[in-house]
Amino acid sequence: MGGSPSGAALLIETLGISKQYPGVLALDCVDFTLRPGEVHVLFGENGAGKSTLISILAGVQRPTAGAVLFRGKPIVIESVHQARSLGISAVFQEFSLVPQMSVEDNLFLGAEILRGGVLDKRAIRVRAREIIARLGFPLRPEARVGQLTRAEQQMVEIAKAFRSDLSVLILDEPTASLTDRETEQLFALIDQIKAEGVGIIYITHRMQEIRRIGDRITVLRDGRYVATLDAKTAEDDELVRLMTGRVISELFPKIRFAPGEERLRIEHLTTPKRTVADVSLSVSAGEIVGLAGLVGSGKSEVMRAAFGIDPIVSGRVILKGEDVTAKSTHHLLARGLFYIPPDRREEGLVMMRSCRENIALPSLDQPPFSRGFFLDRAGEARKTAELADRMNLQPRRIERAVDFFSGGNQQKVLLARCLTRPVDVFIFDEPTVGVDVGTRAAIYAFIRDLCEAGAAVVLVSSDLPEILHLTRRVYVFYRGRVQAELEGDAINEANLLRHFFEREAA
Ligand SMILES: Nc1ncnc2c1ncn2[C@@H]1O[C@H](COP(=O)(O)OP(=O)(O)OP(=O)(O)O)[C@@H](O)[C@H]1O
Ligand SMILES: [Mg+2]
């Protein structure tokens, strides 16, 4: 016992770990340690190498050089299976669930409980119930995974890690799609397993989370080790400087609003299950309007319905004076309404296709991507390269499949699409989820530029600072309805939060 972190007391130690992908040195001689009972945060810009490091520890990737010690002994982690048998489990940014299968079958996929050589369905159900109960997640073991929300799927992924004895739990941005309540539940769980001596490696871009649960922070930059700090005493400014190598003077830009003509109006919109109920709102050229509220409050749903993704029961959508209610997304796009979805994998990007193809996708019907009936390959290549520059895509390889880029860089590809055609109204749904501070500042500046050039912008966001700093007016949603419309000085944290939870007037 004793507090001193001697070599033998460490759960994991990496010595000079490197990972070379074709053309990219993702990790360059990184040292890292994990003690029992600590939360060790990995911090760094998009593409810094965080996911690569943990995928080596979880047996998904092999290092090109360096050694890993587990409980003081050198080991070679050959597979996810082997990592699991050592008690090392990872929950990745992208899920590995089979949508056609039930929660319980997913939990024991690859670790099936057998009796006399056949699946012991009963034992699986009992164990699944035990695990879910322990975690306190609202999951039904027999539910089909494909029918769950993203947050629920995340819970299944986390539950999977608990099916056998754990000594190391690895979480890659686990709260990106969880609500505040689910996040608190996860943190309580982390506190509990810490007390049992489990070591946790935790990747996040959110400063508040580091404060809340972190013990130590290791900063990576361009695949290299930068520093390890005490999470309780490290200052935000210092972390950002270590991470980016520069000082970010202002995260939120000043925006000059010059509201002009009304561009988009939604009147009394209602959707089938009343996830949106009698919602009216409007946005004009040259302004940014925020939609705030909890996950599931209707803020995201109303824009999906307006953009023709989800059905509408009643109400109207007016775009530049034209009634476009229930028109196809294709029609809306052609009329100048652009929607940028929150889930880049599910709705946004075609992962196995190149950045070039993904950027050009919504605009293949017009110059410079095509001429008449013919695709203009040269025009497409020129324009997409220019946009990749503008978004500072890292690395700048537009022919590479989107799947091979880090999470934050995939987001840049999605945003680059906005600039491929003339657009009057932009709808951004959670544009900065999973994005590092530097890229975040760049995205905000990008949105400002669109607005100052005369576009109407709707910003759907669960990030309060984002709403507070970027919007001219805010609609606060609660249970499918607009609970309040705020403007000017009324847009402050206390006001917003009050309306987030307010009961509907009787
Ligand atoms: N399978 C792969 N093939 C080739 N290059 C890859 C692959 N996976 C990652 N890379 C590259 O390795 C580098 C590190 O990526 P990694 O995913 O580890 O970053 P990250 O720190 O997790 O970023 P983010 O915060 O955006 O998730 C990036 O330059 C990325 O493009
Ligand atoms: Mg990552």
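These values consider heavy atoms only, across backbone and side chains, with no hydrogens, waters or symmetry-generated copies. Read the numbers this way: they start at 1 and go in the same order the structure lists the ligands and their atoms.
- Among protein heavy atoms, atom 30 (C) of ligand 1 sits closest to Phe404 O, 3.7 Å.
- Proximity of Phe426 to Leu459: side-chain heavy atoms (C-beta onward) are nowhere separated by under 4.5 Å.
- Residues Thr218 and Thr228 bring a donor and an acceptor atom of their side chains to less than 3.5 Å of each other.
- Remark: the Ser51 side chain and the Asp172 side chain contain an N/O donor-acceptor pair separated by less than 3.5 Å.
- For ligand 1, the polar-atom distance check against Pro395 finds no nitrogen or oxygen pair separated by under 3.5 Å.
- Residues Lys299 and Ser462 bring a donor and an acceptor atom of their side chains to less than 3.5 Å of each other.
- The nearest heavy-atom contact from the protein to atom 22 (O) of ligand 1 is Ser51 OG, 2.8 Å.
- Note that the CZ atom of Arg448 and the CD1 atom of Ile288 stand 10.0 Å from one another [nearest 0.5 Å].
- The nearest protein atom to atom 6 (C) of ligand 1, hydrogens excluded, is given as Tyr21 CD1, 3.2 Å; this is a heavy-atom distance.
- Counting only protein atoms, the N, O or S atoms lying less than 2.8 Å from the Mg ion (ligand 2) are Ser51 OG, Gln93 OE1, ordered by chain and residue number.
- When each atom of ligand 1 is checked for a heavy atom of Gly408 under 4.0 Å away, the hits are 26 (O).
- Heavy-atom contacts of Glu45 reach the following atoms of ligand 1: 21 (O) (cutoff under 4.0 Å).
- Heavy-atom proximity to Arg400, at under 4.0 Å, picks out these atoms of ligand 1: 4 (C), 5 (N), 31 (O).
- For the pair Lys19 and Tyr21, the cation-pi criterion (under 6.0 Å, within 45° of the ring axis) is fulfilled.
- For atom 12 (O) of ligand 1, the closest non-hydrogen atom of the protein is Ala26 CB, 3.3 Å.
- Interface atoms of ligand 1 facing Gly407, defined by a heavy-atom separation under 4.0 Å, are 24 (P), 26 (O), 27 (O).
- The closest side-chain donor-acceptor pair between Glu466 and Ser461 falls under 3.5 angstrom.
- Atom CG of residue Asp376 and atom NZ of residue Lys383 lie 12.5 Å apart, to the nearest 0.5 angstrom.
- No heavy atom of Gly44 sits closer than 4.0 Å to any atom of ligand 1.
- The residue Gln20 has no part lying near ligand 1, judged by heavy-atom distances below 4.0 Å.
- Residue Gln410 places no heavy atom under 4.0 Å from ligand 1.
- Ser79 and Arg84 form no side-chain donor-acceptor contact under 3.5 Å, judged by distance and modelled atom types alone.
- Taking the centre and axis of the six-membered ring of Phe162, the NZ or CZ atom of Arg134 falls outside the cone set by 45° and 6.0 Å.
- Remark: the Thr33 side chain and the Glu13 side chain contain no N/O donor-acceptor pair separated by less than 3.5 Å.
- Between Glu209 and Thr175, the side chains place a donor N or O and an acceptor N or O closer than 3.5 Å (distance only, hydrogens not considered).
- Side-chain N/O atoms of Asn409 and Gln411 include no donor and acceptor closer than 3.5 Å.
- Using a 4.0 Å heavy-atom cutoff, Gln394 is absent from the residues neighbouring ligand 1.
- Looking only at protein heavy atoms, the nearest one to atom 27 (O) of ligand 1 is Gln93 NE2, 3.1 Å.
- Within the 4.5 Å cutoff, the side chain of Leu387 has heavy atoms near those of the Thr420 side chain.
- Note: no N/O pair closer than 3.5 Å links Pro22 and ligand 1 by distance alone.
- In this structure, the protein non-hydrogen atom closest to atom 23 (O) of ligand 1 is Gly47 N, 2.8 Å.
- Among protein heavy atoms, atom 25 (O) of ligand 1 sits closest to Lys50 NZ, 2.8 Å.
- Heavy atoms of His205 approach ligand 1 to within less than 4.0 angstrom.
- Side-chain contact between Val457 and Arg472 is absent, with no heavy atoms from C-beta onward closer than 4.5 Å.
- Scanning the protein heavy atoms around atom 16 (P) of ligand 1, the nearest turns out to be Thr52 OG1, 3.6 Å.
- Considering Leu42, Asn46, Ile203 only, the shortest heavy-atom separation from atom 24 (P) of ligand 1 involves Asn46.
- Residue Val24 places a heavy atom less than 4.0 Å from ligand 1.
- The aromatic rings of Phe428 and Phe446 stand perpendicular to each other, their planes meeting at an angle above 60°, with 30° marking the opposite boundary.
- Where the criterion is an N or O separation shorter than 3.5 Å, residue side chain and backbone included, Gln61 fails it with respect to ligand 1.
- Checking Met155, Glu157, Glu173 one by one against Val91, the side-chain contact (heavy atoms from CB on, under 4.5 Å) holds for a single residue, Glu157.
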